**Student:** 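Here it is, the structure, as structure tokens.
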Amino acid sequence: MQKYKLVKRGNPSKPDAPKKWYAIPVSYEAQSVKVMTRAATENTTTAPIELEGSLELLGEYAKQQLLQGHTVRVGNLGTLRITFKSAGVDDITTFNAGQMIREPRIIFTPSKELRESVVQNLQFQNGGVLEDGVSYASLSDYKRAKGITGGGSDNPGSGGNPGGSGGGNDGDQSENPLG
């Protein structure tokens with residue numbers, strides 16, 4: 001279940017427009033490698049320490065391959081690749097990679113199977129409201145504190161959004177301009 005918080009924000013491209021409420025994902029701290037490997041190897045013949053060792057080896061191999069300019073496929077999870085920004089020059093002979101290439105990053109791109117499997121099975125649950133630096137545990141708590149009655153609930157319907165598409169608003173004005 002993916003929790004979200006409601007946050008009131010302005011549209012940077014329309015600073016004079018009234019602020020609107022947008023959902024933002026609530027992320028929790030990642031599990032430790034030990035916890036993850038125990039859970040992943042439960043009911044298998046693989047020992048957690050074996051998986052942990054394999055992940056360590058994969059990390060070292062991926063680093064080596066990325067430094068050589070390769071894209072790294074990580075099983076059916078997706079791929080890792082390097083990207084960066086660059087300043088431009090008018091004369092090709094004046095290009096200096098050390099000074100002009102900047103902000104190198106590693107990008108993870110999930111596989112089609114992983115992306116579809118996760119997105120199609122996402123369900124959403126209200127995780128609160130954040131307004132003016134004050135965090136409310138739920139929409140109900142926010143409405144109670146503000147004296148608001150009626151309106152939306154914490155978890156309308158099933159709380160789910162099969163496909164995670166948000167109903168396909170095709171550029172509708174209510175779409176979150178901040179992502």
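Hydrogens, waters and symmetry mates play no part in the numbers below; they use all other heavy atoms, side chains included. The first residue of the sequence shown is numbered 1, and numbering continues consecutively from there. Since this is a predicted model, take the numbers as computed values, not measurements.
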**Student:** Tell me, which pairs form a ring pair (Phe, Tyr, Trp, His ring centres under 6.0 Å) where one or both residues lie in residues 126-148, sequence neighbours left out?
**Tutor:** W21-Y142, Y136-Y142
**Student:** Does some side-chain heavy atom of N11 sit less than 4.5 Å from a side-chain heavy atom of K20?
**Tutor:** no
**Student:** Output the distance between atom CD (E116) and atom CG (N121), rounded to the nearest 0.5 Å.
**Tutor:** 11.0 Å
**Student:** State whether the number of non-hydrogen atoms from other residues, nucleotides or ligands found under 6.0 Å of R102 atom CZ is greater than 12.
**Tutor:** yes
**Student:** Tell me if the CD atom of Q64 is crowded by more than 12 foreign heavy atoms within 6.0 Å.
**Tutor:** yes
**Student:** Please report the shortest heavy-atom distance between D141 and A137, naming the atom on each side.
**Tutor:** OD2-CB, 3.4 Å
**Student:** Just wondering, are more than 12 heavy atoms of other shown residues or ligands nearer than 6.0 Å to CG in D91?
**Tutor:** yes
**Student:** Provide the closest heavy-atom pair for A62 versus L80 in the form atom of the first, atom of the second, distance.
**Tutor:** CB-CD1, 4.2 Å
**Student:** Quick test of your reading of the model: are K8 and E131 salt-bridged, counting only N-O distances below 4.0 Å?
**Tutor:** no
**Student:** In Å, rounded to the nearest 0.5 Å, how long is the span from CZ of R115 to CD of Q120?
**Tutor:** 10.5 Å
**Student:** Could you check whether any side-chain N or O of T37 sits under 3.5 Å from a backbone N or O of L51, counting only pairs where one atom can act as donor and the other as acceptor?
**Tutor:** no
**Student:** Taking side chain as C-beta onward, heavy atoms only, is T41 less than 4.5 Å from E50?
**Tutor:** no
**Student:** Going from CG on L6 to OH on Y22, what distance comes out if it is rounded to the nearest 0.5 angstrom?
**Tutor:** 12.0 Å
**Student:** Has Y61 got more than 12 heavy atoms of other residues, nucleotides or ligands less than 6.0 Å from its OH?
**Tutor:** no
**Student:** Is the CZ atom of F84 crowded by more than 12 outside heavy atoms at less than 6.0 Å?
**Tutor:** no
**Student:** How many angstroms lie between atom CZ of R144 and atom CG of L139, to the nearest 0.5 angstrom?
**Tutor:** 10.0 Å
**Student:** Measure across M100 and G88 and return the closest heavy-atom pair with its distance rounded to 0.1 Å.
**Tutor:** CE-O, 4.1 Å
**Student:** Decide whether V134 and V129 are clustered together by the hydrophobic rule: side chain heavy atoms of Ile, Leu, Val, Met, Phe, Trp, Tyr closer than 4.5 Å, transitively.
**Tutor:** yes
**Student:** Using a 4.5 Å cut-off on heavy atoms from C-beta on, say whether the side chain of I106 contacts that of I82.
**Tutor:** yes
**Student:** Could you measure the distance from the OH atom of Y4 to the CD1 atom of I24? Nearest 0.5 Å is fine.
**Tutor:** 12.0 Å
**Student:** Quick one, R81 and T79 - any side-chain contact, counting heavy atoms below 4.5 Å?
**Tutor:** no
**Student:** In the single-linkage hydrophobic clustering (I, L, V, M, F, W, Y; side-chain heavy atoms under 4.5 Å), do L77 and L66 co-cluster?
**Tutor:** yes
**Student:** At what distance, to the nearest 0.5 angstrom, does CD of Q2 lie from OG of S27?
**Tutor:** 6.0 Å
**Student:** Apply the hydrophobic cluster definition, ILVMFWY joined by side-chain contacts under 4.5 Å directly or through others, and give me every member besides Y28.
**Tutor:** V26
